[in-house]
Amino acid sequence: MRNTAKLTTAVLAAGALTLGLTACGAEKGAGSDASGPLIVAASPVPHAEILTYVRDNLAKDAGLDLQVKEFTDYVLPNTATEDGSVGANYFQNQPYLDDFNKKNGTHIVPVVTVHLEPLGLYSNKVDKADELKSGATVAVPNDTVNEARALKLLDANGIITLKDGAGNDATPKDIAKNPKNLKFKELEAAQTPRSLDDVDAAVINGNYAIESDLKPSDDALVLESADDNPYGNFLAVKEGNEDDPRVRKLAELLTSAEVKKFIEDKYAGSVVASF
């Protein structure tokens, strides 16, 4: 069991009430009531682990009551932030958030970028990408942004060629050249690591790779470059709550020298600090 606090229903309900009142007051002045704990929704790895480090080592001295709520999907953290069940979330990148807000009518905004998890291609069948056989099946995330990101990774490494202008909503229909006649299996991002025994290769988000005991810097056949990468993960809140003193304090702690060292020591290049 991870160190991150698993909040009971009663505690979460109490937190939701407190945050709900704060959210209601946000229209009149965000952050006017900063007396309660800040509950942050996060993916288990590495986001919740980073938050847990902050909670256990930095938050108390900074006067921040930080609570961490784990989610294993990419939808509920945003909906919980929107409805005030949590005060912030930490799990996503800008292209994903833009797409989510557009499709769901939510009003989530970034506060500070913390780290990048390079996307990678993994396989239990081959040791190199060029060993993939003709007709091989590759699993990719099925949400709009991560599927496009996966295809861009394959394009950048010469495995496929995307059509000119293929953007953040690219799908396999936007492939211009597919010399190995690869077949694509679209799965929920969280399911891609579990598919490795059933497919020839899978493109896996960094957090799910680490959670599945894969080490991106060592195990990936090809790995996304961190240079000029638009997919940095950030702390986010509902619009209007950016200046909540608790949020600003957490943003400072998440971009501190202590957190940077924690990321470097714990993840050894599989997660890269973006500050």
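Please read all numbers here as calculations on a predicted model, not as lab measurements. We number each residue from 1, following the sequence as shown.
Annotation for Asn142 and Ala189: closest pair OD1-N, 4.5 Å, computed over non-hydrogen atoms. Of all non-hydrogen atoms in Thr255 and Thr113, the two that sit nearest each other are CG2-O, 4.0 Å. For Ala209 against Ile204, the heavy-atom pair with the smallest separation is N-CG2, 3.6 Å. In plain terms, the two heavy atoms of Ser256 and Leu58 that are nearest each other are OG-CD1, 3.8 Å. Pro46 approaches Asn207 most closely through the heavy-atom pair CD-CB, 3.7 Å. The nearest pair of heavy atoms linking Pro172 to Glu147 is CD-OE2, 3.4 Å.
With rounding to the nearest 0.5 Å, the separation of OG1 in Thr192 from OH in Tyr208 is 8.0 Å. For the atom pair OH of Tyr96 and CG of Asn101, the computed distance is 10.0 Å after rounding to the nearest 0.5 Å. Taking OG1 of Thr72 as the start and CD of Glu188 as the end, the distance is 9.5 Å to the nearest 0.5 Å. Interatomic distance, CG of Asp219 versus CG of Asp127, reported as 11.0 Å (0.5 Å rounding). For the atom pair CZ (Phe100) and OG1 (Thr106), the distance works out to 5.0 Å, reported to the nearest 0.5 Å.
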Self-check item: side-chain hydrogen bond (donor to acceptor under 3.5 Å, both in side chains) assessment of Asn146 paired with Asn205
Solution: CA-CA 8 Å; Asn146 281 307; Asn205 291 73; 3.0 Å; yes
Quiz prompt | Test log, rule side-chain hydrogen bond (donor to acceptor under 3.5 Å, both in side chains), inputs Asn241 and Asp244 | solution = CA-CA 5 Å; Asn241 293 334; Asp244 182 319; over 6 Å; no
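When the side chains of ILVMFWY residues are joined at heavy-atom separations under 4.5 Å, either directly or via intervening members, Leu119 and Val271 end up in two distinct hydrophobic clusters. Phe275 and Leu116 fall into different hydrophobic clusters, where Ile, Leu, Val, Met, Phe, Trp and Tyr residues are linked whenever their side-chain heavy atoms come under 4.5 Å apart, directly or through other members. Linking Ile, Leu, Val, Met, Phe, Trp and Tyr residues whenever their side-chain heavy atoms come within less than 4.5 Å leaves Val272 and Ile263 in two separate clusters. Note on Val111 and Ile50: same hydrophobic cluster, where clusters join Ile, Leu, Val, Met, Phe, Trp and Tyr whose side-chain heavy atoms are under 4.5 Å apart, directly or indirectly. Note on Ile160 and Val203: same hydrophobic cluster, where clusters join Ile, Leu, Val, Met, Phe, Trp and Tyr whose side-chain heavy atoms are under 4.5 Å apart, directly or indirectly.
Under a 3.5 Å cut-off, the side chain of Asn157 and the backbone N or O of Leu153 do form a donor-acceptor pair. Without hydrogens or angle criteria, Asp155 side chain to Leu162 main chain gives a donor-acceptor distance under 3.5 Å. No donor-acceptor pair closer than 3.5 Å links the side chain of Arg246 to the backbone N or O of Asp65. Between the side chain of Lys185 and the main chain of Val199, no donor-acceptor pair closer than 3.5 Å is present. At distances below 3.5 Å, not a single donor-acceptor pair connects side-chain atoms of Glu49 with backbone N or O atoms of Pro44. Between the side chain of Lys163 and the backbone N or O of Lys173 there is at least one donor-acceptor pair closer than 3.5 Å.
Counting heavy atoms of neighbouring residues, nucleotides and ligands inside a 6.0 Å radius, atom CG of Asp218 exceeds 12 of them. Other residues, nucleotides and ligands contribute only 12 or fewer heavy atoms inside 6.0 Å of the NZ atom of Lys261.
Grouping Ile, Leu, Val, Met, Phe, Trp and Tyr by side-chain contacts under 4.5 Å, direct or through others, puts Phe234 with Leu97, Ile108.
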Side-chain donor-acceptor distances from residues 225-232 under 3.5 Å, at least two apart:
{"residue": "Ser225", "atom": "OG", "partner": "Asp227", "partner atom": "N", "Å": "3.2"}
{"residue": "Asn229", "atom": "OD1", "partner": "Tyr231", "partner atom": "N", "Å": "2.8"}
{"residue": "Asn229", "atom": "ND2", "partner": "Ser225", "partner atom": "O", "Å": "2.8"}
{"residue": "Tyr231", "atom": "OH", "partner": "Asn168", "partner atom": "OD1", "Å": "3.4"}

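Ring geometry, Phe262 versus Tyr53: the interplanar angle falls under 30°, so the pair is classed parallel (tilted spans 30 to 60°).
Partner of His107 under the side chain to side chain donor-acceptor pair (under 3.5 Å) criterion, chosen from Glu239, Glu82, Lys238: Glu82. In summary, of the residues considered (Gln92, Glu117, Glu70), a side chain to side chain donor-acceptor pair (under 3.5 Å) with His47 occurs for Glu117 alone.
Counted by atom type alone, Lys69 and Ser85 present zero donor-acceptor pairs between their side chains at under 3.5 Å. A donor-acceptor contact closer than 3.5 angstrom links the side chains of Thr81 and Asn89. Judged purely by distance below 3.5 Å, without hydrogens or angles, the side chains of Gln94 and Asp98 pair a donor atom with an acceptor atom.
Checked for salt-bridge contact, Lys128 and Asp130 miss the test: no charged N lies under 4.0 Å from a carboxylate O.
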